[in-house]
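Worksheet: the structure to be examined is printed underneath.
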Amino acid sequence: MAREAGVHGWCPYTFDRTKHYLIVWGDECVSRIALREDSLPQTGHDPSLDTYAFMLKEWLTTGEMHEVPFMLKDVSAFDRSVLATLAKVPHGYVTSYGAIARALGIRSPRAVGQALKRNPLPLIYPCHRVVSSDCGLGGFSAGTDLKTHLLVREGACADDGTVRRDRMFHDL
DNA sequence: CGAACGGCCAAAC
DNA sequence: GTTTGGCCGTTCG
């Protein structure tokens, strides 16, 4: 995470008995979020975004999510198209890197993976709902443990963390 | 400019 | 089960 400038809010949350931080970038609207295990950035704190950070913490811990203002900034056309396709995957379902690539008419699932890694708004654009085509977990920028945790709670993974085949969503 | 690198995948042993 | 060759947007030199 190279750029620290412009950080406006953060909120601690607990996952797996370890303290994590949810960090929010943005001015009027949130333009970027990061989930962090390590220390807080030493930048100014904007209390107006604490509400947003708190909502995301609630979502992480209880699954409650309300409408929030957000916007995409500094995102390439390709990344936007990936995110737009991703947004169709409903709660409780998963899709694959290859399925997104096919929906976009390209033949490079890996390019899709690269774009998801750059997702500026994790959770809002649910990149945790993308797994490999053989129902393996795939990766996650904030750590695969958190990815599994989210998918189990959404019902797309069984309690043992394996992806449920019948939760593959194909209609993109 | 070029080269290398992925959160991958389908086909083939 | 494992290996292989291709994929393509981005990043870095």
Side-chain angles (χ1 to χ4, degrees), chain A residues 1-7 10 13 15-16 18 20-26 30-39 41 56-57 59-61 63 65 70-172:
Chain A
M1 207 66 58
R3 294 196 315 249
E4 295 290 8
V7 174
W10 62 79
Y13 68 96
F15 170 69
D16 197 23
T18 314
H20 291 63
Y21 294 97
L22 184 155
I23 305 172
V24 175
W25 281 256
V30 169
S31 61
R32 199 152 77 93
I33 302 165
L35 307 174
R36 277 263 193 108
E37 302 178 7
D38 49 14
S39 60
L56 280 174
K57 192 189 83 165
W59 191 90
L60 271 174
T61 53
M65 182 62 157
F70 64 88
M71 60 183 290
L72 291 175
K73 250 172 83 176
D74 301 325
V75 177
S76 71
F78 175 73
D79 288 4
R80 276 173 196 272
S81 66
V82 170
L83 294 174
T85 305
L86 167 66
K88 298 180 185 175
V89 182
H91 185 282
Y93 289 83
V94 291
T95 188
S96 71
Y97 302 92
I100 292 179
R102 282 194 296 278
L104 293 176
I106 65 171
R107 266 171 294 177
S108 177
R110 309 185 85 177
V112 172
Q114 300 282 357
L116 294 177
K117 184 157 84 173
R118 291 186 293 269
N119 178 11
L121 300 171
L123 307 182
I124 291 175
Y125 284 101
C127 53
H128 60 284
R129 294 180 192 150
V130 186
V131 299
S132 43
S133 63
D134 61 358
C135 286
L137 190 63
F140 195 56
S141 55
T144 52
D145 287 348
L146 180 56
K147 182 172 185 176
T148 305
H149 174 85
L150 294 170
L151 289 178
V152 169
R153 200 188 49 224
E154 292 187 357
C157 277
D159 287 340
D160 63 4
T162 57
V163 177
R164 294 178 162 179
R165 290 185 172 274
D166 60 339
R167 294 309 185 97
M168 269 287 188
F169 182 79
H170 290 111
D171 187 21
L172 297 170

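Numbered from 1 within each chain, the chains take letters A, B, ... in sequence-line order.
- When the shell of 6.0 Å around CG of D134(A) is examined, it contains more than 12 heavy atoms from other residues, nucleotides or ligands.
- The stretch residues 76-84 of chain A has no heavy atom under 4.0 Å from DNA chain B, so no residue of it qualifies as close.
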Please test N119(A) against D79(A) for side-chain contact (heavy atoms from CB on, under 4.5 Å), starting from the C-alpha separation and ending with a verdict. CA-CA 8 Å; N119(A) 178 11; D79(A) 288 4; over 6 Å; no

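- At most 12 heavy atoms of other shown residues, nucleotides or ligands fall within 6.0 angstrom of atom CZ in R107(A).
- Across all strands shown, dT11(C) forms a Watson-Crick or G-U wobble pair, both distances under 3.5 Å, with dA3(B).
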Could you walk me through whether I33(A) and L123(A) pass the side-chain contact (heavy atoms from CB on, under 4.5 Å) test, one step at a time? CA-CA 9 Å; I33(A) 302 165; L123(A) 307 182; 5.8 Å; no

Scoring nucleotides 5-13 of chain B by protein non-hydrogen atoms under 4.0 Å (B base, S sugar-phosphate only, - none) yields -BBBSS---

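- Other residues, nucleotides and ligands contribute only 12 or fewer heavy atoms inside 6.0 Å of the CG atom of D159(A).
- Of the possible donor and acceptor atoms, one in the side chain of K147(A) sits under 3.5 Å from a partner among the backbone N and O of V130(A).
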T95(A) vs R129(A), test: side-chain contact (heavy atoms from CB on, under 4.5 Å). Steps then yes/no. CA-CA 6 Å; T95(A) 188; R129(A) 294 180 192 150; 6.0 Å; no

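- Side chain of T148(A) to main chain of T144(A): a donor-acceptor pair is present (N/O by atom type, distance under 3.5 Å, no hydrogens or angles).
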